[in-house]
Amino acid sequence: MAMLVAGGAGFIGSHFVDFMLQKEHDLKIVCFDCLTYAGSMDNLQDAKSYGDRFRFILGDIADRATVEKAFQEEKPEVVVNFAAESHVDRSIVSPKAFLETNILGTQTLMDACLRHGTKRFHQVSTDEVYGEAQIGESAIAFSEDAPLKPGNPYSASKAGADLLVMAYMRTFGLKATISRSSNVYGSRQYPEKLIPVLVQRAVNGMTLPLYGDGGQMRDWLHVSDACKAIAFIIERGSEGETYNMPGGNEIRNIDLAKKVCSVLGAEERIEFVEDRKGHDARYLIDGQKIKKLGWRVEKPFDDGFRETVMQYMRLFLKEA
Ligand SMILES: NC(=O)c1ccc[n+]([C@@H]2O[C@H](COP(=O)([O-])OP(=O)(O)OC[C@H]3O[C@@H](n4cnc5c(N)ncnc54)[C@H](O)[C@@H]3O)[C@@H](O)[C@H]2O)c1
């Protein structure tokens, strides 16, 4: 059987490719990626060692001809869509690419799934589609049927894609599932995202910039648990359903920055910078639905966090 992993050269996608190649011995993985700045063949070194069980196709998910050729050649039974423009700050400066990849690209993939009778399309989405959660103990975590209230162009493009997936299921009978995850952390993230930025700057003796007062809260899920959850949903989740994937590790950005310094033994040189436009103070999702399927977070946050910070430290010291 072949599984097409769109965006498999990026952060989470490449870990998922490795995870699936190790887990399923009869599975062929076809990584379909156009290698934006966030994708890299370096992330696929392990995958390449699997010989015929792994193929890389350079292509844009919004390009119908390349997508069609890949489907004709590989006839994937399962398609998992990680491909996206994923950085909120870039979406504020220049939203167009986010709409093209995240919405039109998703549509192009789904059209190919319908033409080829793909057994499962899985859309990788985000907790950001629900918008900002309340601060405070009494805040209610968003369940899967909460309204979508995205607060920035990135999350709006992801919400648009989610709605389109739902419409394709109802209108055309697309066989699909959606997952909405908390912030994912681990190695291979492009150093514009919070944890690698903080490590890179701390290693270079620079200040650690935080938006506003650094009080925004984020919930963190290790990439190994994220990959297991997505595989879990594809195997055991019900067709047509959406599943939240919370990490259960909420922390304020300022405390995360201090934690980076503590792991590195670096001075806490925190610098508060002008807040991001429309910055969501908190994301909070309820994980009862996926827990009922039997999925649990396995990696303790302190272990995963320390491991990740050390991995980036070694990488940035090597590059220096
Ligand atoms: N990183 C997180 O914390 C997080 C949390 C929740 C959800 N997500 C979602 O998970 C998915 C993966 O996120 P990530 O952090 O690994 O992203 P990433 O930016 O690291 O990787 C994205 C990958 O998609 C590829 N890509 C981009 N545009 C493409 C196109 N038009 N055609 C083909 N390939 C294209 C890039 O080359 C890259 O390899 C995204 O859909 C994102 O919205 C991420």
Side-chain angles (χ1 to χ4, degrees), residues 4-19 30-44 47 56-67 70 79-91 96-109 112 122-130 150 152-162 165 178-197 218-223 225-227 229-230 233 242-247 249 256 280 283 285 304 308:
L4 187 141
V5 180
F11 163 47
I12 312 174
S14 65
H15 282 282
F16 184 76
V17 166
D18 288 348
F19 174 72
V30 180
C31 173
F32 188 96
D33 199 300
C34 70
L35 298 179
T36 65
Y37 73 95
S40 169
M41 290 307 287
D42 290 346
N43 294 338
L44 295 168
F56 178 79
I57 298 178
L58 183 68
D60 183 336
I61 56 163
D63 176 21
R64 191 183 151 106
T66 327
V67 169
V79 172
V80 189
N81 183 25
F82 291 91
E85 289 292 339
S86 67
H87 190 43
V88 174
D89 287 345
R90 286 180 189 253
S91 82
K96 190 164 176 260
F98 287 72
L99 307 185
E100 286 166 352
T101 288
N102 300 2
I103 301 182
L104 295 177
T106 301
Q107 182 216 352
T108 308
L109 281 179
H122 183 77
Q123 174 70 359
V124 179
S125 187
T126 166
D127 60 358
E128 297 198 28
V129 297
Y130 300 116
N152 58 63
Y154 161 69
S155 52
S157 69
K158 295 296 291 184
D162 283 13
V165 175
I178 298 173
S179 55
R180 296 186 182 137
S181 162
S182 300
N183 271 30
V184 180
Y185 73 101
S187 61
R188 302 182 188 165
Q189 238 182 337
Y190 189 78
E192 64 185 356
K193 303 284 172 67
L194 187 59
I195 294 177
V197 164
R218 296 293 182 262
D219 173 37
W220 295 91
L221 175 68
H222 191 264
V223 68
D225 283 318
C227 292
I230 291 167
I233 293 166
T242 297
Y243 295 89
N244 286 342
M245 294 166 36
N249 301 299
L256 189 90
D280 291 328
Y283 300 118
I285 49 174
T308 302

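When a ligand or atom number is given, it counts from 1 through the structure's own listing order. Every heavy atom of this structure was used, including side-chain atoms; hydrogens, water molecules and symmetry mates were not.
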Please identify which atoms of ligand 1 are closer than 4.0 Å to at least one heavy atom of Ser182. 5 (C), 6 (C)
Numbered atoms and elements of ligand 1 in range of Ala84, under 4.0 angstrom, heavy atoms: 22 (C), 24 (O), 27 (C), 40 (C), 41 (O)
In the protein, what heavy atom is nearest to atom 37 (O) of ligand 1, and what distance, to one decimal place, separates them? Asp33 OD1, 2.6 Å
Looking at ligand 1, does any of its N/O atoms fall within less than 3.5 Å of an N/O of Cys34? yes
Which ligand 1 atoms does Leu35 reach within 4.0 Å, using its non-hydrogen atoms? 37 (O)
for atom 4 (C) of ligand 1, nearest protein heavy atom and its distance come out as Ile12 CD1, 3.8 Å
Which ligand 1 atoms does Ala38 reach within 4.0 Å, using its non-hydrogen atoms? 19 (O)
Using a 3.5 Å cut-off on N or O atoms only, is Lys158 in polar contact with ligand 1? yes
For Thr36 and ligand 1, does the shortest N/O to N/O distance drop below 3.5 Å? yes
Near Asn183, which atoms of ligand 1 are under 4.0 Å from a heavy atom of that residue? 3 (O)
Evaluate Asn81 for polar contact with ligand 1, using N/O atom pairs at a separation under 3.5 Å. no
Contacting atoms of ligand 1, where contact means under 4.0 angstrom from a heavy atom of Gly59: 32 (N), 33 (C)
Among all protein heavy atoms, pick the one closest to atom 15 (O) of ligand 1 and tell me residue, atom and distance. Phe11 CD2, 3.6 Å
Heavy-atom proximity to atom 18 (P) of ligand 1, picking from Ser86, Ser40, Cys31, points to Ser86
Residue selection (non-hydrogen contact nearest atom 6 (C) of ligand 1) among Gly105, Gly247, Ser155, Ser181: Ser181
Under 3.5 Å, is there a donor-acceptor pair between the side chain of His87 and the main chain of Tyr154? no
Before signing off on this row, confirm whether Ala83 and ligand 1 have an N or O atom pair separated by under 3.5 Å. no
Any Phe82 heavy atom less than 4.0 Å from ligand 1: yes
Please check if the number of heavy atoms outside Arg90 that lie under 6.0 Å from its CZ is greater than 12. yes
Starting from atom 10 (O) of ligand 1, find the nearest protein heavy-atom neighbour and note its residue, name and distance. Val124 CG1, 3.4 Å
Tyr154 versus ligand 1: do any nitrogen or oxygen atoms come within less than 3.5 Å of each other? yes
What protein heavy atom sits nearest atom 2 (C) of ligand 1, and how far away is it? Val184 N, 3.7 Å
Thr126: numbered ligand 1 atoms lying under 4.0 Å from its heavy atoms: 6 (C), 7 (C)
Show the atoms of ligand 1 that are less than 4.0 angstrom away from any heavy atom in Ser125. 6 (C), 7 (C)
